[in-house]
Amino acid sequence: MDGMTRQTLTWHETMELHELVASQSIGLMKLKMGLRNIDDMRKNRNKQQKEGNINI
């Protein structure tokens, strides 16, 4: 390799495909659940505003 050394990761420093998929799936699930909470809060706030219980 023309005097250059190649750096590689050892087996315990790498992530396997199933670990990457699981990590991304959990992150996506948390994101979707968080967005649902935001929508719920927005709906409740809008409902309270219409009822005159809170001001903007």
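When hydrophobic residues (I, L, V, M, F, W, Y) are linked wherever their side-chain heavy atoms come within less than 4.5 Å, the members clustered with L17 are V21.
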| request: Using the side-chain contact (heavy atoms from CB on, under 4.5 Å) rule, take K32 and M29 through it: C-alpha gap first, then chi angles, then the decisive distance, then the call. | output: CA-CA 5 Å; K32 286 184 174 184; M29 183 178 63; 5.9 Å; no

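Looking at residues two or more places apart in sequence or on another chain, you find no side-chain contact (heavy atoms from CB on, under 4.5 Å) involving Q24.
Interatomic distance, CD of E51 versus CD of Q49, reported as 11.0 Å (0.5 Å rounding). Taking CE of M41 as the reference point, atom CZ of R45 lies at 9.0 Å (rounded to 0.5 Å).
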